[in-house]
Amino acid sequence: DLLLIDIEGIKELLGRIDGQRRRSDLRMVAEAMVFPFAEHLSHEGGSYYVRFVAQLYSDPRLEFFKLIKGKHDSGMREAGRAAREILSELPGDVVKHRLALVTTLIFSAFADREKLRTAGKHVGVARLHTAHFVNDLVTMVVGALNTPYGERALAEKDVSSPSSSRRVSA
(Lines give C-alpha, C1' and ligand atoms only; values in the text may rest on other atoms or scores of the structure.)
Protein backbone atom coordinates (compact mmCIF):
# COMPACT_ATOMS: atom_id res chain seq x y z
CA ASP A 1 0.00 0.00 0.00
CA LEU A 2 1.14 3.51 -0.79
CA LEU A 3 0.60 4.98 2.66
CA LEU A 4 0.83 2.64 5.61
CA ILE A 5 -0.36 5.13 8.19
CA ASP A 6 -1.95 4.05 11.45
CA ILE A 7 -5.49 5.23 10.68
CA GLU A 8 -6.87 3.88 13.95
CA GLY A 9 -4.22 5.79 15.88
CA ILE A 10 -5.17 8.99 14.10
CA LYS A 11 -8.86 8.43 14.74
CA GLU A 12 -8.14 7.70 18.40
CA LEU A 13 -6.20 10.96 18.76
CA LEU A 14 -8.94 12.92 17.02
CA GLY A 15 -11.61 11.19 19.10
CA ARG A 16 -10.08 12.82 22.17
CA ILE A 17 -11.08 16.26 20.92
CA ASP A 18 -13.89 17.00 23.30
CA GLY A 19 -14.34 20.71 23.53
CA GLN A 20 -11.19 21.39 25.51
CA ARG A 21 -9.43 24.63 24.83
CA ARG A 22 -8.98 25.40 21.15
CA ARG A 23 -5.18 25.27 21.21
CA SER A 24 -5.04 21.83 22.81
CA ASP A 25 -7.64 20.59 20.32
CA LEU A 26 -5.55 21.92 17.44
CA ARG A 27 -2.51 20.25 18.97
CA MET A 28 -4.30 16.89 18.80
CA VAL A 29 -5.13 17.55 15.13
CA ALA A 30 -1.49 18.45 14.46
CA GLU A 31 -0.28 15.34 16.28
CA ALA A 32 -2.66 13.22 14.21
CA MET A 33 -1.17 14.71 11.06
CA VAL A 34 2.51 14.46 12.12
CA PHE A 35 2.82 11.33 14.29
CA PRO A 36 2.12 8.75 11.55
CA PHE A 37 5.09 10.01 9.55
CA ALA A 38 7.30 10.11 12.62
CA GLU A 39 6.33 6.51 13.31
CA HIS A 40 7.83 5.44 9.98
CA LEU A 41 11.24 6.67 11.08
CA SER A 42 11.43 3.97 13.74
CA HIS A 43 11.13 1.20 11.11
CA GLU A 44 13.76 -0.19 8.77
CA GLY A 45 13.54 1.75 5.51
CA GLY A 46 11.26 4.38 7.05
CA SER A 47 13.49 7.24 6.02
CA TYR A 48 13.30 6.12 2.38
CA TYR A 49 9.53 5.78 2.65
CA VAL A 50 9.08 9.30 4.07
CA ARG A 51 11.20 10.81 1.29
CA PHE A 52 9.39 8.76 -1.37
CA VAL A 53 5.96 9.94 -0.19
CA ALA A 54 7.20 13.54 -0.12
CA GLN A 55 8.40 13.16 -3.73
CA LEU A 56 5.02 11.78 -4.80
CA TYR A 57 3.26 14.62 -3.00
CA SER A 58 5.39 17.29 -4.69
CA ASP A 59 5.37 15.81 -8.19
CA PRO A 60 3.36 18.19 -10.40
CA ARG A 61 2.39 15.34 -12.73
CA LEU A 62 0.52 13.49 -9.96
CA GLU A 63 -2.62 14.42 -8.11
CA PHE A 64 -1.50 12.96 -4.79
CA PHE A 65 -4.80 13.08 -2.92
CA LYS A 66 -6.71 11.67 -5.88
CA LEU A 67 -4.14 8.87 -6.00
CA ILE A 68 -4.80 7.87 -2.38
CA LYS A 69 -8.49 8.89 -2.13
CA GLY A 70 -10.62 6.30 -0.41
CA LYS A 71 -7.64 4.04 0.24
CA HIS A 72 -5.18 5.80 2.48
CA ASP A 73 -6.61 9.18 3.30
CA SER A 74 -9.25 8.63 5.98
CA GLY A 75 -6.96 9.83 8.77
CA MET A 76 -6.04 13.02 6.95
CA ARG A 77 -9.69 13.61 6.04
CA GLU A 78 -10.64 13.17 9.69
CA ALA A 79 -7.91 15.60 10.76
CA GLY A 80 -9.21 18.09 8.20
CA ARG A 81 -12.77 17.65 9.44
CA ALA A 82 -11.70 18.24 13.04
CA ALA A 83 -9.65 21.31 12.06
CA ARG A 84 -12.61 22.78 10.13
CA GLU A 85 -14.83 22.21 13.18
CA ILE A 86 -12.35 23.82 15.60
CA LEU A 87 -11.70 26.74 13.24
CA SER A 88 -15.36 27.15 12.24
CA GLU A 89 -15.27 30.95 12.66
CA LEU A 90 -12.84 31.18 9.73
CA PRO A 91 -13.97 31.07 6.11
CA GLY A 92 -13.84 27.51 4.78
CA ASP A 93 -11.38 28.43 2.02
CA VAL A 94 -8.98 29.85 4.59
CA VAL A 95 -9.03 26.63 6.64
CA LYS A 96 -8.61 24.56 3.48
CA HIS A 97 -5.64 26.71 2.44
CA ARG A 98 -4.03 26.40 5.86
CA LEU A 99 -4.48 22.62 5.84
CA ALA A 100 -2.84 22.44 2.42
CA LEU A 101 0.09 24.55 3.63
CA VAL A 102 0.67 22.51 6.79
CA THR A 103 0.44 19.27 4.81
CA THR A 104 3.20 20.57 2.55
CA LEU A 105 5.19 21.66 5.59
CA ILE A 106 4.90 18.20 7.16
CA PHE A 107 5.98 16.30 4.04
CA SER A 108 8.80 18.74 3.26
CA ALA A 109 10.12 18.95 6.82
CA PHE A 110 10.38 15.18 7.20
CA ALA A 111 11.87 14.70 3.73
CA ASP A 112 14.47 17.45 4.21
CA ARG A 113 15.48 16.14 7.62
CA GLU A 114 15.83 12.57 6.39
CA LYS A 115 17.75 13.65 3.29
CA LEU A 116 20.31 15.42 5.48
CA ARG A 117 20.55 12.54 7.96
CA THR A 118 20.96 9.95 5.20
CA ALA A 119 23.76 12.04 3.70
CA GLY A 120 25.47 12.13 7.10
CA LYS A 121 24.91 15.87 7.44
CA HIS A 122 23.73 16.39 10.99
CA VAL A 123 23.05 20.09 10.61
CA GLY A 124 19.93 22.19 11.16
CA VAL A 125 16.86 20.07 11.83
CA ALA A 126 18.88 16.90 11.22
CA ARG A 127 20.76 17.59 14.48
CA LEU A 128 17.60 17.43 16.56
CA HIS A 129 16.55 14.22 18.29
CA THR A 130 13.47 12.88 16.53
CA ALA A 131 11.23 13.63 19.53
CA HIS A 132 12.35 17.28 19.59
CA PHE A 133 11.94 17.59 15.82
CA VAL A 134 8.44 16.12 15.95
CA ASN A 135 7.39 18.28 18.91
CA ASP A 136 8.65 21.41 17.16
CA LEU A 137 6.88 20.47 13.92
CA VAL A 138 3.60 19.83 15.77
CA THR A 139 3.94 23.23 17.47
CA MET A 140 4.54 24.91 14.10
CA VAL A 141 1.47 23.23 12.59
CA VAL A 142 -0.66 24.45 15.52
CA GLY A 143 0.69 27.96 15.03
CA ALA A 144 -0.04 27.92 11.31
CA LEU A 145 -3.58 26.67 11.81
CA ASN A 146 -4.27 29.04 14.70
CA THR A 147 -2.74 32.22 13.33
CA PRO A 148 -5.06 35.23 13.44
CA TYR A 149 -7.03 35.82 10.29
CA GLY A 150 -7.01 39.31 8.85
CA GLU A 151 -9.28 39.79 5.89
CA ARG A 152 -8.17 42.34 3.37
CA ALA A 153 -9.35 43.16 -0.07
CA LEU A 154 -6.97 42.01 -2.75
CA ALA A 155 -6.44 44.16 -5.76
CA GLU A 156 -6.29 42.34 -9.08
CA LYS A 157 -2.53 42.95 -9.19
CA ASP A 158 -2.17 41.11 -5.83
CA VAL A 159 -3.60 37.87 -7.22
CA SER A 160 -1.28 35.57 -9.08
CA SER A 161 -2.67 33.19 -11.66
CA PRO A 162 -1.33 31.61 -14.84
CA SER A 163 -3.38 34.05 -16.94
CA SER A 164 -2.18 37.12 -15.04
CA SER A 165 1.51 36.17 -15.03
CA ARG A 166 3.74 38.08 -17.38
CA ARG A 167 7.02 36.92 -18.80
CA VAL A 168 9.90 39.29 -18.72
CA SER A 169 12.11 38.97 -21.74
CA ALA A 170 15.80 39.70 -21.55
Side-chain angles (χ1 to χ4, degrees), residues 1-59 62 64-65 67-68 72-90 94-150:
D1 286 349
L2 181 60
L3 292 179
L4 305 172
I5 296 173
D6 179 12
I7 300 304
E8 293 309 311
I10 290 173
K11 289 180 179 177
E12 178 185 333
L13 274 172
L14 294 173
R16 288 191 270 157
I17 295 175
D18 62 0
Q20 297 173 11
R21 295 175 321 163
R22 171 188 173 121
R23 202 155 177 82
S24 64
D25 289 352
L26 282 175
R27 186 155 188 96
M28 285 187 219
V29 169
E31 288 171 353
M33 295 176 79
V34 172
F35 285 1
F37 295 98
E39 175 66 25
H40 284 290
L41 300 181
S42 65
H43 302 296
E44 182 72 30
S47 177
Y48 297 112
Y49 172 79
V50 167
R51 288 182 289 138
F52 173 71
V53 170
Q55 285 181 330
L56 288 177
Y57 178 76
S58 65
D59 189 323
L62 297 174
F64 183 77
F65 288 106
L67 183 68
I68 65 171
H72 308 287
D73 64 339
S74 64
M76 289 297 274
R77 280 186 294 147
E78 184 62 20
R81 183 211 53 77
R84 284 188 296 279
E85 185 177 305
I86 295 165
L87 301 169
S88 62
E89 79 283 357
L90 295 177
V94 170
V95 177
K96 186 175 182 178
H97 180 244
R98 288 180 183 185
L99 287 167
L101 288 174
V102 299
T103 299
T104 301
L105 171 65
I106 292 165
F107 284 129
S108 296
F110 274 108
D112 289 347
R113 180 177 187 268
E114 291 310 301
K115 176 182 70 174
L116 289 169
R117 292 176 69 83
T118 300
K121 298 177 181 177
H122 294 277
V123 297
V125 295
R127 288 186 11 224
L128 295 174
H129 183 279
T130 301
H132 296 292
F133 168 76
V134 168
N135 182 60
D136 196 39
L137 183 55
V138 166
T139 301
M140 291 171 59
V141 169
V142 171
L145 292 173
N146 200 38
T147 194
Y149 173 67

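- The salt bridge (Lys or Arg N to Asp or Glu O under 4.0 Å) check on D59 picks up R61, with sequence neighbours excluded.
- Looking at residues two or more places apart in sequence or on another chain, you find no side-chain hydrogen bond (donor to acceptor under 3.5 Å, both in side chains) involving D112.
- Between G80 and L99 the shortest heavy-atom distance is CA-CD1, 3.8 Å.
- When each of T104, T103, L105 is paired with F107, the side chain to side chain contact (heavy atoms under 4.5 Å, CB included) condition holds for T103 and for no other.
- Atom NZ of K96 and atom CG of L101 lie 13.0 Å apart (nearest 0.5 Å).
- A search for side-chain hydrogen bond (donor to acceptor under 3.5 Å, both in side chains) contacts involving S58 returns nothing, not counting sequence neighbours.
- The line from CG of N146 to CZ of R98 is 8.0 Å long, rounded to the nearest 0.5 Å.
- R117 is linked by a side-chain hydrogen bond (donor to acceptor under 3.5 Å, both in side chains) to nothing, counting only residues two or more places apart in sequence or in another chain.
- Atom-to-atom distance recorded for N135:CG and E31:CD is 8.5 Å, nearest 0.5 angstrom.
- In this structure, the separation between CZ on R84 and CG on L90 is 12.5 Å, given to the nearest 0.5 Å.
- Using a 4.5 Å heavy-atom threshold, the side chains of L116 and H122 count as separate.
- With sequence neighbours excluded, no residue forms a side-chain hydrogen bond (donor to acceptor under 3.5 Å, both in side chains) with S108.
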Before you tell me yes or no, could you show the steps for V138 and F133 under side chain to side chain contact (heavy atoms under 4.5 Å, CB included), namely the whole-Å CA-CA distance, both residues' side-chain angles and the distance that decides it to 0.1 Å? CA-CA 9 Å; V138 166; F133 168 76; over 6 Å; no
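- Expressed to the nearest 0.5 Å, how far OG1 of T130 lies from CD of E114 amounts to 7.0 Å.
- Counting heavy atoms from C-beta on, the side chains of Y149 and L87 never come closer than 4.5 Å.
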E85/D25 under side chain to side chain contact (heavy atoms under 4.5 Å, CB included): CA gap, chis, key distance, verdict: CA-CA 10 Å; E85 185 177 305; D25 289 352; over 6 Å; no
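- The nearest pair of heavy atoms linking V29 to A79 is CG1-O, 3.6 Å.
- Heavy-atom neighbours of H97 NE2 from other residues, nucleotides or ligands within 6.0 Å: at or below the threshold of 12.
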Can V141 and L26 be said to form a side chain to side chain contact (heavy atoms under 4.5 Å, CB included), step by step? CA-CA 9 Å; V141 169; L26 282 175; over 6 Å; no
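- Atom CE of M28 sits about 8.5 Å away from atom CD1 of I86, to the nearest 0.5 Å.
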